[in-house]
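Since the structure comes first, as structure tokens, the remarks are kept for the end.
Both ligands and their constituent atoms are indexed starting at 1 by order of listing. When reading the values below, keep in mind they use all heavy atoms of this one structure, side chains included, and skip hydrogens, waters and symmetry mates. Please read these numbers as outputs of a predicted model, since none were measured by experiment.
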Amino acid sequence: MAPCASNQNSKRHVSGEKETERSVCQWSRKRRSHRRPMPWFGMDIGGTLCKLVYFEPKDITRDELDSEIEILRNIRKYLTKHSAYGKTGHRDMHLQLDNVPLRGRRGTLHFIRFPTCEMGNFLALAKSKGMATLVTTVSATGGGAYKFENDFRKEVNLKLAKFDEFDSLISGIQYIDTHNPNECYYWANPTEMEKCSKSSYDFSNPYPFLLVNIGSGVSILAVYGPNNYKRVTGTSIGGGTFLGLCCLLTGCNTFEEAIELAAGGDNTNVDKLVRDIYGGDYERFGLPGDLVASSFGQMNSREKRSKVSREDLARATLVTITNNIGSIARMCALQEHIDRVVFIGNFLRVNPISMKMLAYAMDYWSNGTMKALFLEHEGYFGAVGCLLRFNGHD
Ligand SMILES: Nc1ncnc2c1ncn2[C@@H]1O[C@H](COP(=O)(O)OP(=O)(O)OP(=O)(O)O)[C@@H](O)[C@H]1O
Ligand SMILES: CC(C)(CO)[C@@H](O)C(=O)NCCC(=O)O
């Protein structure tokens with residue numbers, strides 16, 4: 001964790017008079033927003049993954065279709081026909097949201113991701129599809145909105161309308177939760193692994209909640225209302241750490257491979273448990289024997305190292321990172337007197353092991369008073385939020 005990070009970032013964002021003025025202004029602009037030139041994109045350019053949300057209008061009139069310039073039509077066709085773009089871009093078709101309202105239009109939201117390190121290739125592809133001939137603005141958030149701003153301008157003649165990553169996250173969550181009835185879920189019976197199963201959660205009254213965004217690094221926000229939140233703290237031990245350590249320890253090359261390895265491994269061959277130290281439970285302080293006392297604590301032994309598998313190492317890495325995040329999240333929830341903790345970010349993609357562990361940890365260590373919640377569009381809220389925030393006139 002960054003030293004003393006907790007208070008440096010505790011700036012609260014409360015809506016005041018200026019905010020109200022802005023909302024009124026945005027409302028009156030909204031009425032003219034159908035004029036905002038297409039295509040409508042929102043990009044969240046993170047430390048590891050770039051998330052791209054594309055709104056495909058489905059209420060196009062005959063006149064609009066006839067006057068749509070060829071480049072736009074080709075871009076629309078290219079994005080909506082394919083599910084893979086080049087070697088590394090993917091459209092998450094299972095997340096697609098149909099018939100949703102956006103800025104007075106109706107259409108489909110498409111969710112696309114690619115590694116941020118492929119930004120050069122992405123810009124080249126965008127150029128080859130004719131983007132450079134459209135003078136237009138794309139809403140963008142995440143650190144890369146700043147880092148790559150000049151590249152977008154130079155390579156594809158695109159201006160970036162930049163939005164704060166946390167403002168965008170919160171707007172995106174509100175919007176998607178409103179328009180997707182099955183967005184929010186929890187893991188029922190988290191303390192009994194065999195019975196643990198996904199269940200829908202009604203998140204229509206969300207405030208207050210703690211938001212734990214597990215990306216490359218981790219940010220923890222206390223959210224009190226739509227325009228009222230603070231960043232409580234963060235930790236550099238996040239999804240990037242899991243993937244980096246797993247690649248080092250197992251020789252794997254992708255997140256999917258790392259998760260697959262972890263699914264087949266046993267962390268107790270790597271970690272030192274309370275029972276390895278006490279011979280059983282440490283009853284006086286309520287520490288069960290099967291609790292990890294020391295992550296990777298057995299790996300000082302040459303003999304144990306010789307017996308350990310890649311799967312065990314991947315599992316221990318996943319367990320270490322997840323438990324650390326769960327523990328920090330629980331302390332933040334206690335400090336902020338908040339009992340619902342929403343975990344998001346692409347670290348949770350195809351990763352039920354971590355979700356179940358977080359659900360278990362929240363429930364067990366709070367004696368059932370705290371609840372871990374999860375959202376289906378886990379890594380895409382920033383991209384959606386910045387698309388919504390763009391008024392089309394920047
Ligand atoms: N296909 C993938 N490739 C790489 N990492 C992945 C992939 N799928 C899931 N992940 C995990 O998701 C993490 C990135 O999550 P996310 O996209 O939410 O963060 P980010 O926006 O890149 O990071 P930050 O917000 O810290 O800038 C990775 O560190 C990894 O643990
Ligand atoms: C730097 C960001 C905000 C980028 O999204 C994220 O990776 C993060 O919160 N990292 C943790 C930084 C900290 O130690 O507080």
### Message
Donor-acceptor check, side chain of Asp59 to backbone of Arg106, threshold 3.5 angstrom: yes or no?
### Response
yes
### Message
Polar contacts were defined as any N/O atom of the residue lying under 3.5 Å from an N/O atom of the ligand; does this apply to Gly239 and ligand 1?
### Response
yes
### Message
Taking CD in Glu149 as the centre, count heavy atoms belonging to other residues, nucleotides or ligands within less than 6.0 Å. Is the count above 12?
### Response
yes
### Query
Within the structure, does Asp44 bring an N/O atom to less than 3.5 angstrom of an N/O atom in ligand 1?
no
### Message
Looking at every heavy atom in both Leu358 and Ala372, which two are closest together, and how far apart are they?
### Response
O-CB, 4.2 Å
### Query
Among protein heavy atoms, which lies nearest atom 3 (N) of ligand 1, and at what distance?
Leu49 CD2, 3.7 Å
### Query
In terms of hydrophobic clusters joined by side-chain contacts under 4.5 Å, are Ile45 and Tyr146 together?
no
### Task
Give a yes/no verdict on a cation-pi contact between Lys129 and Tyr78, requiring under 6.0 Å between NZ or CZ and the six-membered ring centre and an angle within 45° of the axis.
yes
### Task
Do me a favour and list the nearest non-hydrogen protein atom to atom 22 (O) of ligand 1 with residue, atom name and distance?
Thr48 N, 2.8 Å
### Query
Per the side chain to side chain contact (heavy atoms under 4.5 Å, CB included) rule, which among Asp271, Val319, Leu245 passes with Phe296?
Asp271
### Query
Do Thr61 and Asp63 meet the criterion of a side-chain donor-acceptor pair at a distance under 3.5 Å?
no
### Message
Does the residue Ser236 have a heavy-atom contact with ligand 2, meaning some pair of atoms that are separated by less than 4.0 Å?
### Response
yes
### Winner among Gly238, Ser236, Ser216 once heavy atoms are compared against atom 24 (P) of ligand 1
Ser216
### Message
At less than 4.0 angstrom from any non-hydrogen atom of Arg231, what atoms of ligand 2 do you find?
### Response
8 (C), 9 (O), 11 (C), 12 (C), 13 (C), 15 (O)
### Query
Of all the atoms in ligand 1, which lie at a distance below 4.0 Å from a heavy atom belonging to Leu243?
4 (C), 5 (N)
### Query
Can you find a non-hydrogen atom of Gly217 under 4.0 Å from ligand 1?
yes
### Query
Should Leu318 and Val308 be counted in the same cluster of Ile, Leu, Val, Met, Phe, Trp and Tyr side chains packed under 4.5 Å apart?
no
### Query
Can you tell me the protein heavy atom closest to atom 25 (O) of ligand 1 and the distance?
Glu165 OE1, 4.2 Å
### Query
For Tyr186, is the NZ or CZ atom of Lys198 found under 6.0 angstrom from the centre of its six-membered ring and inside 45 degrees of the ring axis?
no
### Query
Of the protein's non-hydrogen atoms, which lies at the shortest distance from atom 19 (O) of ligand 1, and what is that distance?
Gly215 CA, 3.1 Å
### Message
Side chain or backbone, does Phe255 bring an N or O within less than 3.5 Å of an N or O on ligand 1?
### Response
no
### Message
Closer than 4.0 Å to some heavy atom of Gly240 - which atoms of ligand 1 meet that?
### Response
29 (O)
### Heavy-atom proximity to atom 8 (C) of ligand 2, best of Ser219, Gly46, Gly234
Ser219
### Task
Using non-hydrogen atoms of the residue, decide whether Lys51 is closer than 4.0 angstrom to ligand 1.
yes
### Message
Taking distance alone, with N or O pairs closer than 3.5 Å, would you say Gly379 contacts ligand 1?
### Response
no
### Message
What I want to check is whether the side chains of Ser219 and Arg231 have a donor and an acceptor closer together than 3.5 Å.
### Response
yes
### Task
Using a cut-off of 6.0 Å, state whether more than 12 heavy atoms not belonging to Glu192 lie near its atom CD.
yes
### Message
Using a 4.0 Å heavy-atom cut-off, which part of Asn346 comes near ligand 1: side chain, backbone, both, or neither?
### Response
both
### Query
Got an N/O contact under 3.5 Å between Gly345 and ligand 1?
no
### Message
Is there a polar contact, in the sense of an N or O pair closer than 3.5 Å, between Gly47 and ligand 1?
### Response
yes
### Query
Any side-chain heavy atom of Ile344 sitting closer than 4.5 Å to one from Val342?
yes
### Query
Thr235 heavy atoms, cut-off 4.0 Å: which ligand 2 atoms fall inside?
11 (C), 13 (C), 14 (O), 15 (O)
### Summary
Within 4.0 Å of some non-hydrogen atom of Glu256, the atoms of ligand 1 are 1 (N)
### Task
Would you check if the side chain of Arg91 reaches a backbone N or O of His82 as a donor-acceptor pair within less than 3.5 Å?
yes
### Task
State whether the shortest distance between N or O atoms of Asn213 and N or O atoms of ligand 1 falls below 3.5 angstrom.
no
### Query
Does Lys51 make a cation-pi contact with Tyr380, if we ask for NZ or CZ under 6.0 Å from the ring centre and within 45° of the axis?
no
### Task
Using a 4.0 Å heavy-atom cut-off, say whether Val218 meets ligand 2 through its side chain, its backbone, both or neither.
backbone
#### Entry: For atom 8 (N) of ligand 1, the protein heavy atom that lies nearest, with its residue and separation
Arg349 NH1, 2.6 Å
